[in-house]
Amino acid sequence: MFELSPWDTLIYTLLILALMFFISKLFIGSPPAVRIRDNKNGHRWSYTDFVINFPLHCNACETFLLTATGQCCTVCGAAACTTAKCIRTVDRKVSCKSVSRCKSLEEAKVKSAQPARHRWLAGNLPLDSTCSVCDDPAGDGPGLRDLRCVWCQRSVHTQCKELLGDKCDYGKHSNLIVPPERVVAKQGRTVASPRRKIISNLLLPTDNPQFRPLVVVGNNKSGNSDGAAVLAGFRRHLNPAQVVELGESSMEEALEWCTLASPRQCIVLACGGDGTIGWVLNTIDKLKLSTPPAIAIFPLGTGNDLARALGYGSGSDCSEDITRVMSDVESAKIVDLDRWKVEVVPKRHLRIRLPTTTIFMNNYLSIGVDALVTHNFHKARESPFYLISSRIINKLIYFSYGTKDVLERQCQNLNNKLELYMDGKKIELPEIESVVVLNIPYWGAGVKPWELGSGHKDFNFTPSFSDKKLEVFCVYSSFHIAQMQVGLSEPHRVGQAREVKIKLTGSVPMQIDGEPWEQHPSEISLQHHTQVPMLQMGTRNAVS
């Protein structure tokens, strides 16, 4: 039998440990980085049925694609028939928008010092296009008529092109666009993605204090699948790497833009509902960014209460004018939004202490009947029979569960299952079915509970989402919520506090920012956590 000496055993053990360490380093997930798709190898094709709002012709054979099946590039707007021949021809002859044109910082300094040139694409101009030289309509007529720059979005007649010149200034939204000459890309290979490229550096202008890179994050399935068309619209106006689809990249990778651009502040446009905004804010909190971004909202959710509070309106869809949205973001003012730390300490069960849960709140916390309706809706949405997603259907489901609870009253006598403390003082509650702790003026998909009726005149304060205080009110029943929705009733207002504590003695439905669950007996405390910069629309820019 072969025997090893103690020294041999030690050496072999160290070798095995070193091998295991290197293998773990090889397969471990890569650190957050802005991944880019190399458009030099072809366009980013998608079917034309959800990205087209203008006449479209194939850039290879000029077939009119509204009467034929075709594809459109969601980055530059080039189009092609679905035949392999046309796709290969367009990929070869019509180059897409570049994400980066530099491999080193020195190269970026040289190229950014030179004037950028227009990148012209023939045909497929928007319906209201006018020539930037003669102001006459452009793009009219069959086939590929006239030209459009994929960066500055200027349109020009073919015969007027020479009069415009070659210099491109990236258009009226140049303060939001990161030019490819200022982006340094490198290989970021991993075992899972051997051809991955990432952004290693940004050379941002130092002589323009108005420059703030716009980073758009969203999911293709958001807003009744409007998210795909919305993200495609922003890709055509920005550097494609500035638009991050969360089905392909993580939120940490999207927010790596803030590290690359620091100390310049970025604007992060969250395309989604209140849950997406909370996801962005939680990730910013976790990353502890040295220069936190200002958050803007493109509301694609159902309730959109935070979007309403900041002036973005009740909801948007793929019909929105992307140029107008970018103009509104540039002119919006920065305000501070309070974020609250919610600690849930469960009571001992069978002498076992369960772990404390910490959640961060932006909008509101509620316990009782409205959380029950939200909980039932979420269970219905996760059902395999939930096949069609839209705001109208979602609101109908909410209405049906609310009507159901009018008859069943599952949260009756909620005041016997909890104790409410505000700034250390115990509050006596009437017979209620819900307690709501509010940080923003809106609740329940557009209701402004503190302004309903005349009872708010009894309180000598005006609620604000940046005053480091919370408002508390109660609801008597599901029918009471319906009355508040149409302005026929007002809530039972309790008051305002800097700290709120709720002691639960029974199991009740609970929700924070639209995320519901069944909460068992516990002690819930709310304390101020921090303030985050948000972009608020002015009254002229707010969407109705």
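- Separating the OG atom in Ser507 from the NZ atom in Lys417 is a distance of 7.5 Å, to the nearest 0.5 Å.
- In this structure, the salt bridge (charged side-chain N to carboxylate O under 4.0 Å, His left out) partners of Lys286, at least two apart in sequence or on a different chain, are Glu252.
- What you find for Pro299 and Gly313 is that their closest heavy atoms are CG-O, 4.3 Å.
- Asn304 places no side-chain N or O within 3.5 Å of a backbone atom of Gly273 that could act as its donor or acceptor partner.
- Residue pairs meeting the salt bridge (charged side-chain N to carboxylate O under 4.0 Å, His left out) criterion with at least one partner in residues 523-532, sequence neighbours excluded, are Lys501-Glu523.
- Side-chain polar atoms of Asp285 and His529 form a donor-acceptor pair below 3.5 angstrom.
- One distance of note links CD1 of Ile322 with OG of Ser319; it measures 9.5 Å at 0.5 Å rounding.
- When only modelled atom types and interatomic distance are considered, Tyr364 and Asp305 share a side-chain donor-acceptor pair under 3.5 Å.
- Judged by distance alone, the side chain of Gln485 and the main-chain N or O of Gly444 form a donor-acceptor pair under 3.5 Å.
- Closest of all the heavy-atom pairs between Ile334 and Ala294 is CD1-CB, 4.2 Å.
- The closest side-chain heavy-atom distance from Met326 to Thr323 is not below 4.5 Å.
- Of the possible polar contacts, one joining the Ser129 side chain to the Pro126 backbone as a donor-acceptor pair under 3.5 Å is found.
- The ring pair (Phe, Tyr, Trp, His ring centres under 6.0 Å) pairs that include a residue from residues 265-293 number zero, where partners must be two or more places apart or lie in different chains.
- Looking only at side-chain heavy atoms (C-beta outward), Asn415 and Pro430 stay at 4.5 Å or farther from each other.
- Salt bridge absent: Lys341 and Glu499 never bring a charged side-chain N and a carboxylate O closer than 4.0 Å.
- In summary, the side chains of Gln153 and Trp151 do not present any donor paired with an acceptor at a separation below 3.5 Å, with no hydrogens or angles considered.
- Taking a 6.0 Å sphere around CD of Glu431, one finds it holds 12 or fewer heavy atoms contributed by other residues, nucleotides or ligands.
- Between Ile277 and Ile297, the closest side-chain pair of non-hydrogen atoms falls below 4.5 Å.
- Judged purely by atom type and a 3.5 angstrom limit, Gln242 uses its side chain to pair as donor or acceptor with the backbone of Asn239.
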Give the intermediate values and the outcome of side chain to side chain contact (heavy atoms under 4.5 Å, CB included) for residues Ile524 and Val342. CA-CA 7 Å; Ile524 303 161; Val342 182; 3.8 Å; yes

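- Residues Pro491 and Leu452 form a side-chain contact, since some pair of their non-hydrogen atoms from C-beta on lies under 4.5 Å apart.
- Judged by distance alone, the side chain of Ser250 and the main-chain N or O of Leu246 form no donor-acceptor pair under 3.5 Å.
- Taken from CD in Glu320 to SG in Cys271, the straight-line distance is 11.0 Å, to the nearest 0.5 Å.
- Counting heavy atoms from C-beta on, the side chains of Thr357 and Glu343 never come closer than 4.5 Å.
- Ring geometry, Trp340 versus His528: the interplanar angle exceeds 60°, so the pair is classed perpendicular (tilted spans 30 to 60°).
- Between the side chain of Glu490 and the main chain of Gly455, a donor-acceptor pair closer than 3.5 Å is present.
- Ring orientation note: the planes of Trp443 and Phe473 are nearly perpendicular, at an angle over 60° on the 30°/60° scale.
- More than 12 heavy-atom neighbours from other residues, nucleotides or ligands sit within 6.0 angstrom of NZ on Lys347.
- Looking at heavy atoms from C-beta onward, Ile267 lies out of side-chain contact with Ile295 at the 4.5 angstrom threshold.
- Note that CD1 of Ile440 and CZ of Arg308 are 10.0 Å apart. Values are rounded to the nearest 0.5 Å.
- Nearest heavy atoms, Gln265 versus Pro213: O-CD, 3.9 Å.
- The distance from the CG atom of Asp467 to the OG1 atom of Thr462 is 9.5 Å, given to the nearest 0.5 Å.
- Between Gln511 and Leu365, the closest side-chain pair of non-hydrogen atoms is not below 4.5 Å.
- At distances below 3.5 Å, at least one donor-acceptor pair connects side-chain atoms of Lys97 with backbone N or O atoms of Arg236.
- Residues Val369 and Ser478 approach most closely at CG2-CB, 3.8 Å, considering heavy atoms.
- To the nearest 0.5 Å, atoms CD (Gln519) and CG (Leu418) are separated by 12.0 Å.
- Checked against side-chain contact (heavy atoms from CB on, under 4.5 Å), Lys448 has the following partners two or more places apart in sequence or in another chain: Pro441, Tyr442, Glu451.
- A heavy-atom distance below 4.5 Å is found between the side chains of Val268 and Val280.
- Scanning all heavy atoms of the two residues, the minimum distance from Ser522 to Pro346 falls at CB-CA, 3.6 Å.
- In this structure Arg339 satisfies the salt bridge (charged side-chain N to carboxylate O under 4.0 Å, His left out) test with no other residue, sequence neighbours excluded.
- Contact detail for Asn362 and Gly278: the closest heavy-atom pair is ND2-CA, 3.6 Å.
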May I have the step-by-step check of salt bridge (Lys or Arg N to Asp or Glu O under 4.0 Å) for Glu248 and Arg44, ending in yes or no? CA-CA 14 Å; Glu248 300 175 354; Arg44 186 168 180 154; 2.9 Å; yes

Working for side chain to side chain contact (heavy atoms under 4.5 Å, CB included), residues Leu231 and Thr74: CA-CA 8 Å; Leu231 295 181; Thr74 61; over 6 Å; no

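- Applying the salt bridge (charged side-chain N to carboxylate O under 4.0 Å, His left out) test to residues at least two apart or on different chains, none of the pairs has a partner in residues 262-284.
- For the residue pair Asp338 and Gln531, a side-chain donor N or O sits within less than 3.5 Å of a side-chain acceptor on the partner.
- Under the 3.5 Å distance criterion, with hydrogens and angles disregarded, no donor-acceptor pair is assigned to the side chains of Ser366 and Ser434.
- Taking the six-membered ring for Trp and thresholds of 30 and 60 degrees, Phe298 and Phe234 have ring planes more than 60 degrees apart, a perpendicular arrangement.
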Working note: Val472 + Gln496, criterion side chain to side chain contact (heavy atoms under 4.5 Å, CB included); need CA distance, chi angles, decisive distance, verdict. CA-CA 6 Å; Val472 182; Gln496 193 180 57; over 6 Å; no

Audit row: Val335, Leu310, side chain to side chain contact (heavy atoms under 4.5 Å, CB included) steps and yes/no: CA-CA 9 Å; Val335 295; Leu310 293 171; 4.0 Å; yes

